[in-house]
Each structure stands twice: as structure tokens, then as C-alpha cells.
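See structure below.
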Amino acid sequence: MRKLIIKTAGWIHAVLILALIIPLLYALGAERSGTIGRFLYPKCLIILIPVVFTDLAADKCKGMFSYLIVCALTFTATGALGWAAAGSLHQSVLLWGYIGLLLCETVFVIIERLAERLHKEKKTEDSSDYDPRWRPVYNTLREPSFTVLIYFGVIYTAALNLDNPSVCNAALFSAVLYVPVTVLYRYVCETENYLSLNKRTCNLPSKRIYGIGGGMLAVFLLLFLFAILPSLLTVSGRRYHDIRKWGADIEIDYTELFPENHPEDTGEDPMGALIAEYGSPGPAPQWLVFLSRILEALLFLFLAAALLKKILSTFQTFRNAKDENGDIVEELQEINEEREKTGKLQNRRRLSKREQIRREYRKTIRRHRKDRPAVYESPTEIEMIAGIFQSEAVQELHRNYEAARYGPETESAIMTPPPKK
């Protein structure tokens, strides 16, 4: 249920942001009683279809081809529903603008989901190094944030000064809906984070924590409703301005821009006079034309090869970043020590002593333990679960690893114990 709340909140967040773009763009060139009416914003809510289906496809599709097929079907369905929902915009130039902008938003959603899926592979690699500075990349269409209220406020102010009540109302009601969605999203995420940090605490009353938090959340939403009621009840009394008409009554005396005595036009063609004086330009040499053709062909081949390589790499990365219900599925492969010794020898030489020890420790743990250690496990606990804690070699590696990870930032602090007598 909590995962469903988080995913649904992300969908509502994306729809509320994207649905206001088309009405705002139309409001820039429309009169109050003209083309922008109260029915345009509901038509823009069709963007919900690509938001939901591309998200599900990015999570469930294993390969790039299946994802692209789902995206193509979603793109077609969005265009067809947009055409059917256009209604009064038929036989008008506004139809093509609405359909074009809706499909552009669909393409943006598809690319954003694809970039998120490809980022999961890099996210796994970065997080496996236990870097405390690592942070996941913020996703525009995934995580609701209170800073998005500034976006709604800017659109509301712009529509207010463009004499457009429908866009003002859409921005206001979107902000009113966005606040409880964001509060609920943050409540679930922060509570889940708190419980995960205290996972090892005995008898943690998770149900009681959710009960108290849910009660406080209901009280907050009730207070928010009372605070927003005055704005909702005074919608009809809102005063509008049109900044496009501020300079309409200003008269300009253009006679001041021209001098009193200006030279008369002789009617002579300046380009014809230039050609008559210097002659027509001659053709380019044949060797220069041949050389330019060769350079164009080489450049085309280079760009085609680079594009093909990038496409193949993207397909491979997409397949490796398989995700199942929030858990990243990784393929367990045997470690080829000979290949690593020969292929990465120069990279190891460039690493410091600290990094060499930490890398050797990670490889040792991965050989004996296939699951990923939890963030709260200490090195001793990791070794005990892996079943190598009693080994003398592991004990020596353990001491070097703790000195490399927790010791001072100097090479001399990493000491190896003296050999036994």
C-alpha cells in the first residue's frame, strides 16, 4: 500500500506539472473571451496516459525493444485520444497546436523515463563503493517537492496579468491538490526511512508510529482546507490585468526618427555595381571540391559509428538495469581473476594504497557472499555472515581495511601487522 501511495503521488506530481504548460502557452496569445476556455485544461489531462504507462514499462520491460514498442503504442494512443478530445478545436489551427504540444510532452516523458532507467545501472555501481557522498539523481517526474508550488505561483501570476481566468483557476486548483499529495508522499517516505534506520531496534512499534503520524496528517490536512477556503470562495471576485495592452494607447511621432535632409534614392543596384566593378566569381577548383567530399564522407562515417556504438551501449545498460518492485536485479557472475590481473594492471598502479586495500576487501567479500551487505553492517558482521571471519588472511585484511577506511588520510597510517615469530 505504501509503495502504491508513493508511485501514485509521483504520477499526480507529473500530471499537474505538465497539464498546465499548454494552457499557459495558449494564454500568451489569446483574449479572455477567445480561444482559451474552461475546457482546455481537462483536455490536457490526457498526459496521464504516457505518465503512467511509460513508468510501468520502464519498470517491467526487460529489454529496450519491448520498452520502445510500449512507448510507440502509448504515443499513438495519446495522439488519438487528444484528437478525439479536441472537440471544438476541430477545423481550426488550434487543433494542430494542441496535438503537437501534447505529443511533445509525451516524448519528454518517454525520454525522462528512459534516462531514469539507464541511471539505475550507474546508481548500482556508485552505491556499491560505499561512498558517503553518493546521492541519487533527482527525477523531475518522480518525486513531489514543495518547491514546485513556486511553479504554480508563477503560472497563476502570469495568467492573472494576461487576463485569463481559466488558467488562473487551473493553477490554483492544481496547487491546492498538489499540497496534500506532497505532504502524504513526504510522510510515507520519511516514516519508511526512519523505520529502516531503526530496523535493528527491538519491539519498534511501527503500527503505533503510523497511527500517530496518520492522525497528525489528517489534522494538518483539515487545517489546510480551512486555510485555503477563502481563496476558493473569492475566485469570482478576482481582478485581472492584460499587460499586452499597456502600451496600446501610446502614440509615437515617427517623424523625429528621420532626418530632414536625407539623400534621395538613385535606384541603382549596389550588388550589380559591385559585380560590374570586380567581375563574376569563378568556380571552385576541382581538387577543393573533391577534398571537401572526402571530408564529408569521413565525418559521416565517424558520426554513424559513434551513434551505433552509443545505441548498442544504451541497449545493454537498459537490460542490465532490470528492476522488480523497487529491487534492482543483478546478474551474479564469476570473477575472472586472470582477466582482472592482466586487464586492470595499469589502473591498479594508479590507485593509492588505501584504494587498493578497499578494492581487495570488496572483492574478497563478493567471492564468499552473493547478497549485498546492509548499510548498517560493520566489517566484522559482514565477514561473519560471509563465513570467513576466522581466516588469518581475512583478519589481516580486516585490520588493513579498517585502517584504510577509518584511519587518517595518510599512507603511513595503513600498517600491516608484523609477521608471527
Side-chain angles (χ1 to χ4, degrees), residues 4 7-61 64-117 140-142 144 148 151-152 155-156 158-159 162-178 181 235:
L4 180 61
K7 188 174 286 292
T8 305
W11 292 344
I12 298 175
H13 156 78
V15 169
L16 292 179
I17 290 178
L18 296 174
L20 280 174
I21 297 177
I22 297 178
L24 177 63
L25 293 178
Y26 271 87
L28 295 175
E31 299 294 335
R32 179 174 182 175
S33 59
T35 56
I36 296 299
R38 56 182 179 177
F39 300 110
L40 180 61
Y41 181 73
K43 300 178 192 301
C44 299
L45 295 178
I46 297 177
I47 195 64
L48 174 67
I49 295 175
V51 167
V52 174
F53 280 93
T54 55
D55 188 19
L56 296 177
D59 288 340
K60 302 301 181 182
C61 293
M64 176 72 83
F65 283 110
S66 58
Y67 173 76
L68 293 179
I69 291 174
V70 174
C71 290
L73 295 176
T74 304
F75 183 86
T76 305
T78 304
L81 289 176
W83 181 275
S88 59
L89 298 180
H90 278 279
Q91 305 300 329
S92 173
V93 70
L94 299 178
L95 169 66
W96 300 108
Y98 164 73
I99 296 295
L101 292 173
L102 184 64
L103 294 180
C104 287
E105 290 182 354
T106 304
V107 172
F108 170 76
V109 173
I110 292 173
I111 295 176
E112 188 74 11
R113 300 299 192 199
L114 177 61
E116 179 188 13
R117 172 67 182 267
T140 308
L141 303 179
R142 179 70 66 183
V148 180
Y151 168 78
F152 296 121
I155 294 181
Y156 179 88
L162 291 173
D163 194 16
N164 200 292
S166 60
V167 179
C168 274
N169 295 335
L172 176 62
F173 289 112
S174 296
V176 171
L177 177 60
Y178 190 83
V181 170
V235 167

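Just so you know, residue 1 is the first one in the sequence shown, and it goes up from there.
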Working to the nearest 0.5 angstrom, can you tell me the gap between [X] [atom1] and [Y] [atom2]?
X: Phe75; Y: Leu103; atom1: CZ; atom2: CG; result: 4.0 Å
X: Phe53; Y: Trp11; atom1: CZ; atom2: CH2; result: 9.0 Å
X: Glu105; Y: Thr78; atom1: CD; atom2: OG1; result: 10.5 Å
X: Ser166; Y: Tyr26; atom1: OG; atom2: OH; result: 13.0 Å
X: Leu81; Y: Ile46; atom1: CG; atom2: CD1; result: 5.5 Å
X: Phe65; Y: Leu68; atom1: CZ; atom2: CG; result: 7.5 Å

Quick one: closest heavy-atom pair of [X] and [Y], and the distance?
X: Ile99; Y: Gly82; answer: CD1-C, 3.4 Å
X: Ala170; Y: Leu20; answer: CB-CD2, 3.7 Å
X: Tyr98; Y: Lys43; answer: OH-O, 2.8 Å
X: Leu16; Y: Ser174; answer: CD1-O, 3.8 Å
X: Thr106; Y: Pro50; answer: CG2-CB, 3.7 Å
X: Cys44; Y: Pro23; answer: SG-CD, 3.7 Å

Exercise for review: Check each of Ile22, Leu18, Ile21 against Leu101 using the side-chain contact (heavy atoms from CB on, under 4.5 Å) test, and report the only one that passes.
Suggested key: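 Among Ile22, Leu18, Ile21, the one meeting side-chain contact (heavy atoms from CB on, under 4.5 Å) with Leu101 is Ile22.
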Check your understanding: Applying the side-chain contact (heavy atoms from CB on, under 4.5 Å) test to His13, which of Val181, Val51, Val148 qualifies?
Key ->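 Passing option: Val148.
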**Study point:** Test side chain to side chain donor-acceptor pair (under 3.5 Å) applied to Thr74 - qualifying residues, sequence neighbours left out
**Key:**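 In terms of side chain to side chain donor-acceptor pair (under 3.5 Å), with neighbours along the sequence ignored, Thr74 is linked to no residue.
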**Study point:** Contact check, side chains of Leu45 and Tyr41, non-hydrogen atoms, under 4.5 Å
**Key:**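 Yes, close enough: below the 4.5 Å cut-off.
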Practice item. Report yes if the side chains of Thr54 and Cys71 come closer than 4.5 Å at any heavy-atom pair, otherwise no. Key: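 Yes, side chains in contact.
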